[in-house]
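The structure displayed is predicted, hence computed values, not measured ones. In what follows, every chain begins at residue 1, and chains take the letters A, B, ... in the order their sequences are listed.
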2 protein chains.
Amino acid sequence: MPTKHDHKKGMGTSFKRTPQRLAILAYLDGNTSHPSADDIYRAVSKKYHSMSFATVYNTLNTLAKAGTIRELTIDPVRKRFDPDVSRHHHLMCVHCGKIVDITEGLTVDLPKELAQDFEVLGSHIEFHGHCAQCKKKRKAS
Amino acid sequence: MPTKHDHKKGMGTSFKRTPQRLAILAYLDGNTSHPSADDIYRAVSKKYHSMSFATVYNTLNTLAKAGTIRELTIDPVRKRFDPDVSRHHHLMCVHCGKIVDITEGLTVDLPKELAQDFEVLGSHIEFHGHCAQCKKKRKAS
DNA sequence: ATAAATGCAAAGCATTTGCAGTAAA
DNA sequence: TTTACTGCAAATGCTTTGCATTTAT
């Protein structure tokens with residue numbers, strides 16, 4: 001019988017380290033391929049046969065909300081995920097879908113008249129085009 | 001029906017100027033709201049009661065392929081469309097979804113070592129954050 | 001003990017497609 | 001007449017959700 005009223009509010013602050021989540025984090029760690037949820041599901045399923053899409057999406061959304069990973073919108077078809085949350089930019093091949101990091105020398109500043117009104121949370125530069133391999137293939141055909 | 005713009009089609013196919021397409025083009029002309037397909041559907045349906053989503057999507061895809069409009073991926077939930085195909089960038093409020101044009105002074109160049117391999121078709125800078133109105137509302141609550 | 005995560009299947013949206021009828025050229 | 005477009009509805013693809021069960025803490 002609780003004589004003490006020690007209700008803590010379950011405000012969802014704890015992150016449980018389940019094997020599924022650890023497997024997803026392990027797959028993402030150092031991964032520069034900018035995988036989609038499906039890529040991650042397929043990769044992690046090889047180890048965890050019971051892995052479900054729901055778990056992958058739940059985990060990715062939780063991690064993104066926590067700022068542990070970044071959700072990219074550069075691919076018009078599906079979300080892509082990036083474990084590198086440092087400031088950098090991307091280049092995507094519109095033919096094969098490959099996404100490459102751009103880590104050097106690109107900085108952008110919002111013009112002052114907008115910067116006054118708008119609270120900037122993040123910025124991102126994206127390049128679209130054809131990668132070396134796909135350029136070759138196109139010439140060939 | 002004559003329009004002021006001549007579309008050169010190429011590809012051996014002709015672009016038929018149907019009333020539905022003209023209505024979509026009229027709605028987009030000078031529009032800086034970066035509407036989604038659904039926004040366009042709802043707006044144009046008021047005039048054309050029989051308008052279908054298929055026609056909206058078909059038309060938008062045709063126009064985007066022809067380079068008459070631009071498809072934006074800045075919104076993670078749905079595609080947004082921009083009749084301004086000149087080089088400019090965008091800022092989006094993550095709270096209300098509003099997208100604003102940035103036309104001044106931002107230029108980006110791909111680092112040389114990437115520029116050699118990669119054929120750049122386009123580049124785009126995007127800022128995410130809170131607009132003035134949503135900033136206020138957040139403070140208030 | 002208990003709050004939270006899992007897995008499944010079903011649902012939810014945005015977008016695309018097949019096809020028969022219709023209209024622009 | 002010929003070819004392309006429209007509209008409907010069904011289908012697709014990505015993502016989310018409800019819920020009963022299991023698990024980390």
Side-chain angles (χ1 to χ4, degrees), chain A residues 1-25 34-42 44-66 68-69 71-81 97, chain B residues 1-3 6-25 34-42 44-66 68-69 71-81 97:
Chain A
M1 280 296 143
T3 40
K4 247 188 153 193
H5 308 214
D6 57 340
H7 280 199
K8 60 170 133 146
K9 326 169 200 171
M11 288 325 253
T13 323
S14 79
F15 181 86
K16 292 191 177 176
R17 307 175 67 81
T18 67
Q20 293 89 340
R21 285 177 166 181
L22 294 174
I24 291 171
L25 283 166
H34 308 88
S36 65
D38 187 68
D39 293 331
I40 295 165
Y41 170 74
R42 289 206 310 277
V44 177
S45 290
K46 286 175 189 168
K47 296 262 173 187
Y48 282 85
H49 194 263
S50 72
M51 174 74 50
S52 79
F53 268 108
T55 297
V56 172
Y57 277 108
N58 285 338
T59 299
L60 292 173
N61 288 339
T62 299
L63 294 173
K65 221 163 282 174
T68 305
I69 63 172
E71 194 179 285
L72 304 179
T73 63
I74 191 174
D75 184 333
V77 176
R78 70 199 104 238
K79 286 179 187 161
R80 307 276 290 250
F81 297 89
Chain B
M1 287 192 176
T3 51
D6 278 285
H7 302 259
K8 49 166 179 187
K9 284 299 101 240
M11 320 280 283
T13 51
S14 71
F15 181 86
K16 292 190 177 177
R17 266 143 274 229
T18 67
Q20 292 89 340
R21 286 177 166 182
L22 294 173
I24 291 170
L25 284 166
H34 310 86
S36 66
D38 187 68
D39 293 332
I40 295 166
Y41 170 74
R42 288 207 311 277
V44 177
S45 290
K46 287 175 187 168
K47 295 263 174 186
Y48 281 85
H49 197 262
S50 72
M51 174 74 50
S52 78
F53 269 109
T55 297
V56 172
Y57 278 108
N58 285 337
T59 299
L60 291 172
N61 288 338
T62 300
L63 293 173
K65 221 163 282 174
T68 305
I69 64 172
E71 196 178 284
L72 304 180
T73 63
I74 191 174
D75 184 334
V77 176
R78 69 199 104 243
K79 286 179 188 161
R80 308 276 291 251
F81 297 89

If the condition is side chain to side chain contact (heavy atoms under 4.5 Å, CB included), which residues does B/D39 pass it with, not counting sequence neighbours?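 In terms of side chain to side chain contact (heavy atoms under 4.5 Å, CB included), with neighbours along the sequence ignored, B/D39 is linked to B/P35, B/S36, B/R42.
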Starting at [atom1] of [X], measure out to [atom2] of [Y] and round the result to the nearest 0.5 Å.
X: A/R80; Y: A/D75; atom1: CZ; atom2: CG; result: 5.0 Å
X: A/I24; Y: A/Y48; atom1: CD1; atom2: OH; result: 10.5 Å
X: A/D38; Y: A/K79; atom1: CG; atom2: NZ; result: 14.5 Å
X: A/R17; Y: A/L22; atom1: CZ; atom2: CG; result: 5.5 Å

Can you check the [X] [atom1] to [N] [atom2] distance for me, whole Å?
X: B/E71; N: C/dA14; atom1: CD; atom2: P; result: 15 Å
X: B/N58; N: D/dT3; atom1: CG; atom2: P; result: 20 Å
X: B/I24; N: D/dC5; atom1: CD1; atom2: C1'; result: 11 Å
X: B/D39; N: C/dC13; atom1: CG; atom2: C1'; result: 14 Å
X: A/Y41; N: C/dC8; atom1: OH; atom2: C1'; result: 11 Å
X: B/Y48; N: D/dT6; atom1: OH; atom2: P; result: 11 Å
X: B/L60; N: D/dC5; atom1: CG; atom2: C1'; result: 15 Å

What residues form a salt bridge (Lys or Arg N to Asp or Glu O under 4.0 Å) with B/R21, not counting sequence neighbours?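 Here no residue qualifies.
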For side-chain contact (heavy atoms from CB on, under 4.5 Å), just list the numbers for A/L72 and A/H34, CA-CA rounded to whole Å, side-chain angles, deciding distance to a tenth of an Å, and then say yes or no. CA-CA 8 Å; A/L72 304 179; A/H34 308 88; 3.6 Å; yes
Close N/O contacts between protein and nucleotides 22-24 of chain C (under 3.5 Å):
{"unit_1": "C/dA24", "atom_1": "N3", "unit_2": "B/K16", "atom_2": "NZ", "d": "3.2"}

Can you build the contact string for nucleotides 9-15 of chain D? Use B for base contact, S for sugar-phosphate-only contact, and - for no protein heavy atom under 4.0 Å. -----SB
Extract all donor-acceptor atom pairs below 3.5 Å that involve side chains of residues 53-60 of chain B and protein atoms in other chains or at least two apart in sequence.
{"unit_1": "B/T55", "atom_1": "OG1", "unit_2": "B/S52", "atom_2": "OG", "d": "3.3"}
{"unit_1": "B/N58", "atom_1": "ND2", "unit_2": "B/A54", "atom_2": "O", "d": "3.1"}
{"unit_1": "B/T59", "atom_1": "OG1", "unit_2": "B/T55", "atom_2": "O", "d": "2.8"}

Quick one: is B/S50 getting a side-chain N or O under 4.0 Å of the D/dG7 phosphate, OP1 or OP2?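 Affirmative; the distance criterion is met.
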Can a side chain N or O of A/Q20 be found less than 4.0 Å away from OP1 or OP2 on D/dT23?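 Checking D/dT23 against A/Q20, no side-chain N or O comes under 4.0 Å of OP1 or OP2.
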What is the minimum heavy-atom distance between B/E71 and B/F81, and which atoms define it?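 Taking B/E71 first and B/F81 second, the nearest heavy atoms are CG-CE2, 3.8 Å.
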Any donor-acceptor pair under 3.5 Å linking the side chain of A/T73 with the backbone of B/P76?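 A pair under 3.5 Å: no.
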Kindly calculate the angle separating the two end axes of the helix from C/dA1-D/dT25 to C/dA25-D/dT1, each obtained from five base pairs, and round it to 10 degrees.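 Taking five pairs per end, the axes differ by 40°.
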